[in-house]
Amino acid sequence: MSQETNLTAIKAAIYNALKTAAASGKIKLNENISGVDGICDGFLPESIGLEPPREKAFGDFATNISMKLCKNYSLKPLELAEIIKDNIKSGIFSKIEVKAPGFINFYLSEDTIYKNAKSIISLNENFGKVDIGGGKPTNVEFGSINPTGPISVSHGRQVVLGDVFSSLLEFTNHKVTREYYCNDTGNQIKNLGRSVVSRYREILGEPVTFPEDGYHGDYVVEIAREVLEKYGEKYRRASDDDSEAITVFGDYAQKKMLKEILDDCAQLRIKYDTVYSEKSLHDDGLVEQTLDFLKKNGLTYEKDGATWFLSTKFGDDKDRVLVKSDASKTYALNDIAYHKAKYDRGFQYLINFLGADHHGYTQRLYAAIMALGKDRDSMRILLHQFVTMLRDGQVVRMSKRAANFVVLSELVSEAGADATRYFFLMRKMDAHLEFDINLAKSQSTDNPVYYVQYCHARCNGILKEAQSRGYNTDINHIANLPDETIKLLSSPEEMDILKKAYELPKIIEYAVKNYAPHLLCHYAEELAKLFQSFYTKGKNDASFRVVTDNRELTEARLFLICVVMITIRNVLGIMKVNAPERM
RNA sequence: GCCCCUAUAGCUCAGUUGGAUAGAGCAGCGGUUUCCUAAACCGUGUGCCGGUGGUUCAAAUCCGCCUAGGGGCACCA
């Protein structure tokens with residue numbers, strides 16, 4: 001599944017060069033340095049940098065290894081660099097340079113670049129996959145919005161981040177379950193029920209005082225009309241704490257909101273594998289079991305009539321109440337039970353997406369899983385910052401009372417699923433996101449999502465054109481073009497495209513390991529830009545055109561087109577943004 | 001008071017784990033079309049990388065302190 005990347009090949013080459021040099025006595029480790037070969041146990045230390053340099057003039061990859069290691073050998077950086085260079089025996093380079101203060105710069109040979117590009121075509125939809133997860137059962141929980149109101153734009157960012165990150169995990173061989181945790185019990189549902197009862201009685205002309213902490217949105221009124229339709233005037237005289245009315249209406253409202261939330265997600269192409277009910281935790285006795293487990297393991301104590309969880313033992317700032325002095329259970333306990341259930345269901349890796357306002361909650365959750373005997377690294381809580389909506393250059397205030405409240409579904413109908421998904425993805429989670437509605441709607445290449453999609457559509461257009469001129473554009477034919485044909489791709493523009501396309505696996509791996517799905521957007525835009533630039537060159541200079549009467553050159557360039565298309569399509573596929581055939 | 005996040009060009013933001021001369025898009029200015037889609041491309045930047053001290057061959061990046069903005073610190077859920 002995993003592809004050998006240039007990176008691993010170069011690392012191996014450097015490592016072998018050091019070993020060769022050591023064996024021939026060219027370099028000698030200082031006495032006080034320990035470790036196999038003086039480098040590391042069989043491979044280069046993590047601290048050694050090997051990456052594409054910013055400046056193209058410094059080659060395709062550069063390493064700082066001799067500056068890092070020269071002291072171990074009592075050599076100057078340049079001396080060690082020269083020795084490494086002289087001992088490298090790998091055919092994948094066309095040139096290796098040593099530059100002050102001690103960098104070694106590697107230039108990939110053209111054959112290597114062609115070989116890499118051919119692998120893109122043969123891997124096709126599998127290009128970019130890297131095995132990181134080893135098939136590990138992974139639970140990604142995101143967008144667990146309380147079913148007490150419509151889904152907002154900040155939650156929209158979360159569901160897209162969660163969904164795309166799930167795709168990235170799938171692409172890197174994790175067995176992913178997308179999960180929605182539904183808080184379908186407790187005070188907020190009671191509150192919702194009470195709010196509906198109030199609106200219901202209001203419609204019937206009864207005197208009511210709306211609950212202070214009730215839900216004020218118009219959707220509550222709408223629900224009240226529906227329950228009036230369904231139940232008639234049966235609850236006209238319901239008092240403010242009439243539990244039957246509150247339960248019945250709360251249940252109705254909650255189910256309706258859940259459906260709307262899931263519908264909104266579906267509109268954004270998000271489909272959950274499981275909706276896990278908080279209520280079921282109680283019904284199945286999991287909350288009691290979890291409490292017993294913690295008690296048995298000596299992780300609780302009694303104080304002031306309440307039962308406390310000794311979470312400070314696991315790094316939390318304070319202990320948490322599990323059972324209140326009135327004998328009711330806290331949300332914290334439910335949550336521990338929920339996460340215990342996740343592990344008990346067989347998941348080995350848990351990802352939780354939460355808004356930045358849940359920061360205070362993370363410590364106790366990490367404490368909880370450690371109390372359950374799990375490794376802290378088996379769970380990762382990802383916090384994302386909020387979204388600011390911009391319309392006509394003005395910030396759109398997101399007050400629930402105001403009329404300009406932006407609900408996710410409205411945004412999606414206005415900007416479309418492609419642009420909405422792409423825009424929510426564009427920034428790293430840690431950063432606040434400014435969502436420019438006008439730009440998202442714009443059908444121009446100022447809009448990054450259109451720019452990338454257009455690149456794909458244009459490639460497709462060129463293939464169609466070639467087809468109409470009698471070229472065979474079948475992928476199997478392209479995949480089997482002889483090397484001599486592919487070697488006709490030799491201009492710097494063409495080589496840059498091939499090299500950029502081959503970076504995808506590296507980008508994917510980095511994005512997964514660093515929880516940085518936004519890098520997909522940047523990468524897609526970079527590749528699209530290189531291609532658009534090449535394409536336009538053909539406008540002014542016929543020798544750069546793809547489809548010409550020169551059959552062999554045309555076939556070589558169709559190969560290039562396929563490389564770009566496959567790469568863009570795979571990236572957009574992970575984002576679940578359409579890769580259109582035409583625009 | 002304590003904790004988390006953020007601060008990079010006029011604006012919105014990247015910055016591949018500490019590397020070489022800090023980048024992109026937009027806006028602005030100047031160009032390009034007999035042509036596979038101009039829904040495009042090319043050129044053009046005097047940036048205290050919030051401030052300050054430190055670590056080192058090397059700091060936007062790591063550490064300390066300070067400033068500004070956002071969020072959080074319940075026997076709520």
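By convention in this document, chain letters (A, B, ...) are assigned in the order of the sequence lines, proteins followed by strands, and residues within each chain are numbered from 1. Please read all numbers here as calculations on a predicted model, not as lab measurements. All heavy atoms count here, side chains included; hydrogens, waters and symmetry mates do not.
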Exercise. What does A:Ala62 touch in the nucleic acid at a heavy-atom separation under 4.0 angstrom: a base, only the sugar-phosphate, or nothing?
Worked result: base
For this session: Determine the contact category for A:Arg545: base if any of its heavy atoms lies under 4.0 Å from a base atom, sugar-phosphate if only primed atoms, P, OP1 or OP2 are that close, otherwise nothing.
Result: base
Exercise. On a whole-Å scale, what distance lies between the P atoms belonging to B:A68 and B:G23?
Worked result: 32 Å
For this session: Using atom CG of A:Asp430 as one end and atom C1' of B:G69 as the other, report the distance to the nearest whole Å.
Result: 16 Å
Exercise. Looking for any heavy atom pair under 4.0 Å, which part of the strands does A:Thr185 touch: base, sugar-phosphate only, or nothing?
Worked result: sugar-phosphate
Exercise. Say you pick atom P in B:G15 and the same atom in B:U61; how far apart are they, in whole Å?
Worked result: 15 Å
Seminar exercise, completed: Winner on side-chain proximity to A:His432, out of B:U16, B:G70, B:A20, is B:G70
Problem set entry | Watson-Crick and G-U pairing of RNA chain B written in dot-bracket, each distance under 3.5 angstrom, with | for inter-strand partners | (((((((..((((.....[...)))).(((((.......))))).....(((((..]....))))))))))))....
Exercise. Considering only the C1' atoms, how many Å lie between B:C4 and B:C41, rounded to the nearest integer?
Worked result: 44 Å
For this session: Classify the nucleic acid contact of A:Asn105 as base, sugar-phosphate or nothing, counting any heavy atom under 4.0 Å across all strands shown.
Result: base
For this session: Can you tell me the distance, in whole Å, between the CD1 atom of A:Ile381 and the P atom of B:C3?
Result: 19 Å
Exercise. Taking atom CZ of A:Arg582 as the centre, does the number of heavy atoms from other residues, nucleotides or ligands within less than 6.0 Å exceed 12?
Worked result: no
Exercise. Hey, is the side chain of A:His518 poking within less than 4.0 Å of OP1 or OP2 on B:U16, counting only N and O atoms?
Worked result: no
Exercise. Should we count CD of A:Glu302 as having more than 12 external heavy atoms under 6.0 Å?
Worked result: yes
Exercise. Touch check for A:Leu519, heavy atoms < 4.0 angstrom, all strands: base, sugar-phosphate only, or nothing?
Worked result: sugar-phosphate
Problem set entry | Residue whose nearest RNA chain B nucleotide is more 5′ - A:Tyr510 or A:Gln532 | A:Tyr510
Exercise. Quick one: A:Asn514 CG to B:A14 P, roughly how many Å, whole number?
Worked result: 14 Å
Exercise. If we ignore angles and hydrogens, is there a donor and acceptor under 3.5 Å between the side chains of A:Glu278 and A:Thr185?
Worked result: no
Close N or O pairs between protein and nucleotides 56-60 of chain B (under 3.5 Å):
from: B:C57; atom 1: OP1; to: A:Lys71; atom 2: NZ; distance (Å): 2.8

Exercise. Can you find an N or O donor on one side and an acceptor on the other, under 3.5 Å apart, linking the side chain of A:Thr330 with the base of B:C75?
Worked result: no
For this session: Looking at every strand, decide which applies to A:Lys318 at a 4.0 Å heavy-atom threshold: base, sugar-phosphate, or nothing.
Result: sugar-phosphate
Exercise. Taking the six-membered ring for Trp, does A:Phe58 stack with B:A20 (centroid gap under 5.5 Å, planes within less than 30°)?
Worked result: yes
Problem set entry | N/O (side chain, A:Lys56) to phosphate O (OP1/OP2, B:U21) under 4.0 Å | no
Exercise. Can you tell me how far C1' of B:U37 sits from OH of A:Tyr450, to the nearest Å?
Worked result: 16 Å
Exercise. Is A:Ala306 touching bases, backbone alone, or none of the nucleic acid, heavy atoms closer than 4.0 Å?
Worked result: base
Exercise. At under 4.0 Å between heavy atoms, what does A:Ser533 touch on the DNA or RNA strands: base, sugar-phosphate, or nothing?
Worked result: sugar-phosphate
Exercise. Is A:Arg364 touching bases, backbone alone, or none of the nucleic acid, heavy atoms closer than 4.0 Å?
Worked result: base
Problem set entry | Touch class at under 4.0 angstrom, heavy-atom based, for A:Asp317 against every strand present | nothing
Exercise. Do other residues, nucleotides or ligands put more than 12 heavy atoms under 6.0 Å from the NZ atom of A:Lys279?
Worked result: no
Exercise. A:Phe103 near the nucleic acid: base, sugar-phosphate alone, or nothing, with a heavy-atom cut-off under 4.0 Å?
Worked result: base
For this session: Select base, sugar-phosphate, or nothing to describe what A:Gly102 touches, counting heavy atoms under 4.0 Å on all strands.
Result: nothing
Exercise. Does a donor on one side chain sit under 3.5 Å from an acceptor on the other, for A:Asp418 and A:Gln453?
Worked result: yes
Problem set entry | Side-chain donor-acceptor contact under 3.5 Å, A:Asn550 with A:Thr548 | no
Problem set entry | Distance in angstrom units between A:Ile437 CD1 and B:C26 P, rounded | 21 Å
For this session: Please report, rounded to the nearest Å, how far the C1' atom of B:G19 is from the CD1 atom of A:Ile65.
Result: 14 Å
Problem set entry | Under 4.0 angstrom between A:Lys329 side-chain N/O and B:A77 OP1 or OP2 | no
Exercise. For atom C1', what is the distance between B:G69 and B:C57, given to the nearest Å?
Worked result: 37 Å
Exercise. Under 4.0 Å: is that the gap between some side-chain N or O of A:Lys324 and OP1 or OP2 of B:A77?
Worked result: yes
For this session: Considering only atom P, compute the distance from B:A22 to B:U16 and round it to an integer number of Å.
Result: 16 Å
For this session: Return the nearest nucleotide to the side chain of A:Lys539; candidates are B:C36, B:C75, B:C42.
Result: B:C36
For this session: State, without any angle test, whether A:Tyr451 and A:Glu525 hold a side-chain donor-acceptor pair at a distance under 3.5 Å.
Result: no
Problem set entry | A:Ser152 versus A:Ser154, side-chain donor and acceptor atoms under 3.5 Å | no
Exercise. Quick one: the side chain of A:Tyr535 and the base of B:U37, do they pair up donor-acceptor inside 3.5 Å?
Worked result: no
For this session: Have a look at A:Gln443 and say if it touches a base, only the backbone sugar-phosphate, or nothing, with a 4.0 Å heavy-atom cut-off.
Result: base
Exercise. Roughly how far apart, to the nearest Å, are B:U33 and B:A38 at atom C1'?
Worked result: 7 Å
Exercise. How many Å lie between CG on A:Asp541 and P on B:U33, as a whole number?
Worked result: 14 Å
For this session: Could you point out which residue of A:Ile351, A:Leu425, A:Ile574 forms a side chain to side chain contact (heavy atoms under 4.5 Å, CB included) with A:Phe165?
Result: A:Ile351
Problem set entry | Enclosure of A:Lys190 NZ (heavy-atom neighbours >12, cutoff 6.0 Å) | no
Exercise. If each of A:Lys537 and A:Lys303 is mapped to the nucleotide of RNA chain B with the nearest heavy atom, which maps nearer the 5' terminus, i.e. the 5' end?
Worked result: A:Lys537
Problem set entry | Any N/O donor-acceptor pair, A:His359 side-chain to B:G71 base, under 3.5 Å | yes
For this session: Kindly determine whether A:Tyr338 and A:Tyr181 satisfy ring-ring contact (aromatic ring centres under 6.0 Å, His included), including the steps that lead there.
Result: CA-CA 9 Å; A:Tyr338 173 46; A:Tyr181 179 48; 3.7 Å; yes
Problem set entry | B:A9 versus B:G25 - spacing of their C1' atoms, nearest Å | 12 Å
Exercise. Does a side chain donor of either A:Asn105 or A:Lys85 reach within less than 3.5 Å of an acceptor in the other side chain?
Worked result: no
For this session: Mark yes when over 12 heavy atoms from residues, nucleotides or ligands other than A:Asp549 sit less than 6.0 Å from its CG; otherwise mark no.
Result: no
For this session: Using the P atoms only, state how far B:A20 lies from B:G10, rounded to an integer number of Å.
Result: 23 Å
Problem set entry | Identified salt bridge (Lys or Arg N to Asp or Glu O under 4.0 Å) counterpart of A:Asp496 within the set A:Lys529, A:Lys56, A:Lys537 | A:Lys56
Exercise. Base, sugar-phosphate, or nothing: which does A:Arg320 touch, judged by heavy atoms less than 4.0 Å apart?
Worked result: nothing
